[in-house]
Every structure is written in C-alpha cells, then in structure tokens.
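What follows is a short report on a single structure.
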Amino acid sequence: MRVKYFAWVRERVGVAEETVEPPADVRTVNDLIGWLSSRGEAYAYAFEKPKVIRAAIDQAHVKPDAVIAGAREIAFFPPMTGG
Amino acid sequence: MRVKYFAWVRERVGVAEETVEPPADVRTVNDLIGWLSSRGEAYAYAFEKPKVIRAAIDQAHVKPDAVIAGAREIAFFPPMTGG
Amino acid sequence: MSVTATIRIQEADFDVAQEIAALSKGRTDVGAVVTFSGICRGSENGEPIAALTLEHYPGMAEAEIGRHADEALSRWPLQGLTIIHRFGRIAPGENIVLVAAASPHRQAAFEAAEFLMDYLKTNAPFWKREESEKGTSWVEARDHDDAAAARWTKP
Amino acid sequence: MSVTATIRIQEADFDVAQEIAALSKGRTDVGAVVTFSGICRGSENGEPIAALTLEHYPGMAEAEIGRHADEALSRWPLQGLTIIHRFGRIAPGENIVLVAAASPHRQAAFEAAEFLMDYLKTNAPFWKREESEKGTSWVEARDHDDAAAARWTKP
C-alpha cells in the first residue's frame with residue numbers, strides 16, 4: 001500500500017511517499033496512524049496530534065474510522081489551505 | 001419648476017422635459033400627479049396608474065407624499081430596470 | 001486609507017480586463033477581486049431580441065450610484081470599487097454593466113458586488129427597452145429583483 | 001444543454017480577461033458572468049511576505065475540484081464554469097486562483113462562484129506556505145473558512 005504525505009506532515013515524516021505493509025490488525029485509518037507513529041520519532045512527531053490530520057483513500061477524503069482494506073493509496077495531510 | 005419624464009411616462013406625455021407652474025394648493029408629489037393628469041389626455045394616460053409611477057425631487061427618490069415646495073426639478077418614471 | 005469608487009455612465013463599451021487590471025495592478029495588498037459583468041442576452045422568454053436600448057436620468061444616475069458606492073465602501077473593507085453602466089443601444093452579447101470590487105477578503109468582495117448589483121437592478125434610474133420582431137417594449141420590473149435588493153436594508 | 005467545466009491545475013499564471021472571454025465570446029445567451037480572482041497578498045497580519053508556495057496533491061486536486069464543479073453545475077443553471085488553481089511559488093500581486101461562472105441569471109452566477117471558493121478554501125487538497133524574513137511557515141486553516149463552506153451543505 002502506497003502512503004503519501006503532504007505539507008508539514010511530509011516535512012516531519014521526511015519522505016513524500018513510501019510503500020508500507022502494515023500487519024493485518026491495522027484495519028482503519030486511525031489504526032494506520034497509530035502503527036506509523038510507532039515506526040520512529042519522525043512519524044511520532046508528524047502524527048502527534050492525530051485529530052489535526054486529514055486522510056484520503058484513493059484520492060477521496062475519508063474519516064479516521066474508514067477501513068483501509070483494498071486501498072491502493074492513502075494520503076495524510078494537515079487541514080487544507082487552498083483558494 | 002422643471003418636470004422631467006422618463007421611459008414610457010415620457011413616451012405617453014410626449015415630451016421629455018417642461019417647465020410648469022402649478023397652483024399653490026398643489027403641495028405634494030401626489031398633488032402634482034393629479035394636477036398634471038388634469039392637463040390633457042396624454043397626461044391622464046401617463047398617470048393612469050399613479051401607484052406604478054416613481055418620482056424624484058432634485059435627483060433623489062421621494063415618496064408620493066413628499067412636499068414639492070422649493071424643488072427645482074421633479075421627475076416621473078416607471079419602476080427602474082437597470083443593471 | 002481612503003478609497004474612492006470609479007463610476008462611469010457611458011454609451012461606449014468597456015473592457016472588463018482593463019478594469020480588473022486597474023483595480024489590482026501594481027499593488028500587493030489586494031487578496032480578492034470579484035467582478036460582475038451583465039451582458040445583453042439575445043432572447044427573453046424564448047423570443048429573439050434584436051437589441052436593448054437603455055434610457056437613463058443623467059445626473060441622478062451618477063449621484064445615486066455614487067451614494068450606493070459610498071455605502072458599499074462604508075459597509076465592507078474594500079480597496080477598490082468600479083461601477084460602469086452603459087446607456088443607449090446595446091446589441092446581444094455586448095456588455096451592459098460592470099461591478100468590480102477589490103478587498104483583502106473574499107466575502108467582502110462578493111457581498112459588495114451583490115449589494116451593488118441588487119441596487120442597480122431596482123433603484124438606479126435606468127430603463128430598458130427591448131427591440132424584437134414584434135416591435136419595441138419596455139422591460140417590466142421584476143418582484144424578485146426588489147426582494148433581492150431588500151436583503152441589504154438595515155433593520 | 002450539457003455544460004462541462006474547464007478545470008486547470010497549473011504552475012503558470014493565467015489571464016483573467018482571456019478566461020472571461022472564453023466563457024461568453026461568440027454567444028448571446030449569457031446574461032451574467034461572475035469572476036473571483038484570488039491574488040497573493042504582500043503581507044499577512046502586518047508582516048511582509050516574500051512569496052507563497054502552494055503544494056498540492058496531483059490527481060486528487062483535479063478529481064475533487066471536478067466533483068465540486070459538477071455539483072455546482074447541477075445546483076445552479078450555469079452556462080459555463082472555469083476553475084483555475086495555481087501551484088508552486090507565487091509572488092505578491094500574482095494570481096492564485098480563478099473561478100468564473102456564466103449564467104442567464106446573476107444570483108446563480110454569484111452563488112456558484114461563492115460555493116466553489118468556499119470549497120477551494122477548505123477542502124481542495126492545496127497547502128500554502130509563506131516565506132517571510134522570519135523564514136517559512138505553513139498557513140493555518142481558519143475556522144471561519146470552514147463555517148463559510150458549511151453554508152452549502154444540504155440538510
């Protein structure tokens with residue numbers, strides 16, 4: 001599963017994109033945030049306030065309880081500031 | 001006192017502008033409409049539905065009960081359709 | 001900062017692009033420009049129209065629009081405001097009216113432009129006459145334009 | 001009549017005048033064109049800004065904006081709709097975003113443009129970073145932008 005990071009989430013994690021293989025008990029977006037946070041200080045820092053983080057599965061906004069099974073691409077980013 | 005007419009009021013009256021000297025008992029815009037209507041068929045036709053007619057004194061919108069004393073220019077016209 | 005509106009009542013056509021540029025070129029404090037262009041349509045209620053002719057009340061038109069421009073400048077934080085209204089004969093596809101508002105904030109620019117358009121539709125001393133195959137007729141005022149204008153009246 | 005929105009996510013600047021012309025030139029059924037231009041300001045909260053850098057999520061940005069453009073086309077009687085959003089480094093005074101909506105009726109054009117701008121400010125996957133003398137920092141999302149966007153949610 002490909003994971004993308006944008007804006008300051010990207011800066012904190014230190015990469016824009018990577019491929020991960022989380023264990024089977026990582027079922028939701030929230031689970032994935034928890035699992036990523038356990039992978040090192042950079043991740044823990046990026047996800048230190050999970051409520052601020054927005055997520056998209058296959059380029060559509062999702063809630064933290066969205067199930068990740070079958071996702072090709074999951075993205076994490078801060079609240080958007082376009083326009 | 002100068003009186004101006006616009007749009008179909010002008011077309012019905014037959015002139016765009018004229019100078020009139022109404023008698024002293026013509027005190028309000030409404031009185032003036034009544035007095036003008038008595039001046040002939042063209043005026044009676046123009047003012048046949050007084051509620052539809054809008055008026056301005058010295059280039060500012062006024063209500064039918066506005067006093068005309070001191071006015072230099074009074075205008076009559078239908079509801080506006082600009083923009 | 002004191003802002004003065006640009007108001008033009010003219011027979012000639014105008015260039016929207018040039019008016020937008022005049023509001024924001026050479027300055028870096030404008031965050032939002034909203035423009036409304038009113039264009040002469042080629043048909044009304046399904047019937048083809050050859051042209052519109054706009055009559056106006058010279059003097060009063062400038063004064064009235066000026067007063068409403070000043071009201072917009074006092075109600076919203078605007079950095080620039082341009083209002084152009086044409087008169088005379090206008091063919092389908094041609095511009096009739098332009099309102100352009102510049103502000104640091106988008107909501108102010110939107111609201112000021114809507115306020116001025118609602119005003120121009122109902123209370124600016126202009127009258128439209130349509131030319132069609134059936135002859136010419138004066139355009140009737142519409143109740144929903146009055147309702148739109150009434151939104152802005154302070155209680 | 002089926003209307004398709006023009007959507008461009010691009011690094012290059014754009015010409016507002018050309019986009020307005022593309023919406024209305026050569027046709028006589030458009031009565032109103034509303035445009036919103038978002039421009040990079042030279043200061044934020046009183047502090048000078050050297051530039052903004054806009055990061056975006058390629059693919060998702062186009063898809064998301066496309067979905068919202070389709071929603072606008074279904075909610076309002078639009079005859080044309082153009083949305084352009086830039087990414088990359090943008091200097092003060094330069095364009096960031098354009099929404100232009102054409103309609104027979106002014107209210108529809110205003111509402112569609114406001115709806116899309118409220119959406120772009122809160123939910124389109126773009127992120128602004130400011131460069132100032134103090135360094136660079138990510139612009140924070142603002143609650144009142146979320147409130148503005150929530151106006152359009154159907155009950």
Side-chain angles (χ1 to χ4, degrees), chain A residues 1-20 28-30 32-33 36-37 41-83, chain D residues 7 9 36-41 44 52-68 83-88 90 95-99 113-130 135-146 148-149:
Chain A
M1 155 185 314
R2 195 162 61 219
V3 183
K4 289 187 171 190
Y5 309 100
F6 292 96
W8 56 254
V9 178
R10 171 181 55 71
E11 288 183 336
R12 290 182 179 190
V13 168
V15 298
E17 188 175 332
E18 63 185 331
T19 301
V20 300
T28 67
V29 165
N30 234 349
L32 183 59
I33 287 177
L36 287 167
S37 297
E41 256 179 50
Y43 292 93
Y45 178 43
F47 293 107
E48 67 180 352
K49 290 176 184 160
K51 287 197 175 163
V52 176
I53 304 293
R54 309 294 175 93
I57 292 183
D58 294 338
Q59 309 196 346
H61 293 293
V62 294
K63 303 239 156 123
D65 61 0
V67 171
I68 63 174
R72 289 185 309 275
E73 181 174 303
I74 300 187
F76 294 103
F77 40 78
M80 289 138 287
T81 55
Chain D
I7 296 165
I9 315 291
F36 177 94
S37 316
I39 300 162
C40 179
R41 283 184 285 171
E44 205 60 55
L52 283 179
T53 300
L54 273 117
E55 181 171 333
H56 77 299
Y57 185 168
M60 180 168 171
E62 288 82 353
E64 266 277 305
I65 293 176
R67 262 198 299 276
H68 284 78
I83 302 168
I84 305 176
H85 203 308
R86 291 180 66 194
F87 59 85
I90 297 175
N95 293 312
I96 300 171
V97 64
L98 173 74
V99 170
E114 284 189 78
F115 162 78
L116 287 164
M117 279 310 306
D118 286 344
Y119 155 70
L120 290 171
K121 284 274 175 187
T122 53
N123 277 306
F126 288 82
W127 299 271
K128 288 196 186 100
R129 197 174 51 188
E130 287 172 1
T136 68
S137 63
W138 293 95
V139 173
E140 286 198 40
R142 299 181 306 178
D143 290 344
H144 72 255
D145 284 331
D146 289 331

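Residue numbering restarts at 1 for every chain, and letters A, B, ... go by the order of the sequence lines. Just so it is clear, the structure is predicted and the values come from calculations on it, not from any experiment.
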Practice problem: Report the distance from atom CZ of A/Phe77 to atom CZ of D/Phe126, rounding to the nearest 0.5 Å. | Solution: 12.0 Å
Exercise. Could you tell me whether a side-chain N or O of D/Lys121 sits under 3.5 Å from a main-chain N or O of A/Thr81, the two making a donor and an acceptor?
Key: no
Quiz item: Of all of D/Met117, D/Met60, D/His85, D/Lys128, which one pairs up most often with chain A through heavy atoms under 4.5 Å apart?
Solution: D/Met60
Quiz prompt | Exceeds 12 heavy-atom contacts within 6.0 angstrom, atom CG of A/Asp65 | solution = yes
Exercise. Report the distance from atom CD of D/Glu140 to atom CH2 of A/Trp8, rounding to the nearest 0.5 Å.
Key: 9.0 Å
Self-check item: A/Ala7, part contacting chain D, at a heavy-atom distance under 4.5 Å
Solution: both
Exercise. Provide the closest heavy-atom pair for D/Tyr57 versus A/Gln59 in the form atom of the first, atom of the second, distance.
Key: OH-CG, 3.8 Å
Exercise. Taking all non-hydrogen atoms of both residues into account, name the closest pair between D/Ala141 and A/Met80 and its distance.
Key: CB-O, 4.1 Å
Quiz prompt | Interchain contact, D/Arg67 with chain A, by part (heavy-atom threshold 4.5 Å) | solution = side chain
Exercise. Please confirm whether the backbone N or O of D/Asn123 pairs with a side-chain atom of A/His61, one donor and one acceptor, at under 3.5 Å?
Key: yes
Quiz item: So, do D/Arg129 and A/Glu11 sit near enough that their side-chain heavy atoms are less than 4.5 Å apart?
Solution: yes
Exercise. Give the member of D/Ala124, D/Gly38, D/Ala61 that has the highest number of heavy-atom pairs under 4.5 Å with chain A.
Key: D/Ala124
Quiz item: To the nearest 0.5 Å, how far apart are CH2 in D/Trp127 and CZ in A/Arg10?
Solution: 10.0 Å
